[in-house]
2 protein chains.
Amino acid sequence: MLYRIGEVAKRTDCKVETVRYYEQVGLLPQPYRSDSNYRLYSEEHLAQLRFIRHCRSLDMPLEDIRNLLTLREQPHEHCAEINTLVDKHIRRVNEQMASLGQLRKSLLALRGQCAGPGSSDTCEIVRELSACECHQE
Amino acid sequence: MLYRIGEVAKRTDCKVETVRYYEQVGLLPQPYRSDSNYRLYSEEHLAQLRFIRHCRSLDMPLEDIRNLLTLREQPHEHCAEINTLVDKHIRRVNEQMASLGQLRKSLLALRGQCAGPGSSDTCEIVRELSACECHQE
DNA sequence: TACAATCCCTCTAGTAACTATAGAGTCAAG
DNA sequence: CTTGACTCTATAGTTACTAGAGGGATTGTA
């Protein structure tokens with residue numbers, strides 16, 4: 001059973017262009033071609049695309065996915081590496097969360113500056129954004 | 001007192017290329033030029049660049065900063081708009097945090113799948129990434 | 001004065017992961 | 001036989017920079 005690109009895209013919940021893109025950057029092997037040059041995908045292609053999409057839904061960079069796809073062939077020899085890769089990604093996500101938390105605090109503080117129109121001559125938010133000392137010197 | 005681009009970059013803690021970039025995309029007005037065509041910045045330029053950098057440190061998109069720079073001229077007429085803009089950004093950050101939280105949960109669950117080498121025929125992490133049902137159909 | 005180390009200039013291309021467009025061919029239904 | 005949906009390639013655009021080539025300007029030292 002072979003599928004055309006539109007079918008594949010629908011089944012993996014991604015855009016047709018994205019499927020072609022993955023092929024272009026070498027994440028997805030070249031599919032067969034019909035007489036009229038349409039791409040034709042097998043179940044294996046489909047499975048690999050699902051793997052990629054799942055990794056992407058976990059926000060892994062394509063480079064990591066590329067590595068995983070290779071390591072996947074002999075999972076047991078590479079168990080440690082696979083874990084390292086996942087751990088690294090978890091750390092990345094932790095860092096992002098921490099810095100977003102800081103960001104949120106700063107934004108709420110900034111937002112709290114506004115005492116409404118008429119309360120002073122200048123907008124407190126604008127003043128704060130202009131006058132802070134983080135980027136002096 | 002006029003400053004050359006390197007000095008400006010150092011004082012605002014950003015790269016020389018970034019300063020030129022802000023000029024190119026119209027966030028920073030064109031500076032004066034020396035006889036030898038070097039960019040020369042005034043204190044006002046410096047202040048505006050600090051404003052931009054502070055907004056960026058809050059992760060605001062350049063487009064929002066562009067709007068703020070305009071609204072800033074008559075802060076009081078635009079108090080409501082300024083608040084809206086900041087609120088929108090806070091919501092964006094909240095959403096990012098929520099989705100990162102989900103992501104972290106999924107990654108930790110995935111990581112927990114690994115029972116160490118030798119425990120089964122296939123790597124559980126790889127199996128989970130392949131076999132999940134999120135991207136079926 | 002000569003020279004080297006910095007600085008600065010413009011222009012172009014590269015980054016991540018797609019997304020969108022143009023212009024053309026293919027296929028199935030009515 | 002024509003309409004609409006699908007597909008193809010190739011190219012450019014997105015965000016916010018960053019890096020590099022190839023050249024001139026300035027500054028400090030010998």
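Throughout, protein chains are lettered first and strands after them, A, B, ... in sequence-line order, and every chain is numbered starting at 1. Scope of the values below: all heavy atoms of this structure, side chains included, with no hydrogens, waters or symmetry mates.
Scored by the salt bridge (Lys or Arg N to Asp or Glu O under 4.0 Å) test, B/K15 finds no partners at all (sequence neighbours excluded). Residues satisfying the side chain to side chain donor-acceptor pair (under 3.5 Å) test with A/S99, not counting sequence neighbours, are none. Legend: residues meeting ring-ring contact (aromatic ring centres under 6.0 Å, His included) with A/F51, ordered by chain and number and at least two apart, are absent. With sequence neighbours left out, the side chain to side chain contact (heavy atoms under 4.5 Å, CB included) criterion links A/N37 to A/R33. Residues forming a side chain to side chain donor-acceptor pair (under 3.5 Å) with B/E17 (at least two apart in sequence, or on another chain): none. Residues meeting the salt bridge (Lys or Arg N to Asp or Glu O under 4.0 Å) test with B/R4, sequence neighbours left out: none.
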Result block: side-chain N/O donor-acceptor pairs under 3.5 angstrom for residues 20-31 of chain A, not counting sequence neighbours:
unit_1 : atom_1 : unit_2 : atom_2 : d
A/Y22  : OH     : A/R53  : NH1    : 2.8
A/E23  : OE1    : A/R39  : NE     : 2.8

Distances for protein N/O vs nucleotides 26-28 of chain C N/O pairs under 3.5 angstrom?
unit_1 : atom_1 : unit_2 : atom_2 : d
C/dT26 : O4'    : A/Y38  : OH     : 3.4
C/dT26 : O3'    : A/S36  : OG     : 3.4
C/dC27 : OP1    : A/S36  : OG     : 2.9

Could I get a table of every N or O pair under 3.5 Å where one atom is in the protein and the other is in nucleotides 18-21 of chain C?
unit_1 : atom_1 : unit_2 : atom_2 : d
C/dC18 : OP2    : A/Y22  : OH     : 2.9
C/dC18 : OP2    : A/R56  : NE     : 2.8
C/dT19 : OP2    : A/T18  : OG1    : 2.9
C/dA20 : OP2    : A/K15  : NZ     : 3.3

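Each side-chain hydrogen bond (donor to acceptor under 3.5 Å, both in side chains) pair with one or both residues in residues 58-67 of chain B, not counting sequence neighbours, appears once here: B/E63-B/R66, B/D64-B/R92.
Listed by residue number, the members of residues 39-48 of chain A with any heavy atom below 4.0 angstrom from DNA chain D are A/R39.
Counting 5' to 3', DNA chain D first comes under 4.0 angstrom of a heavy atom of chain B and last does so at the ends given by D/dA16 to D/dT26.
Between B/R56 and B/L62, some side-chain heavy-atom pair lies under the 4.5 Å cut-off.
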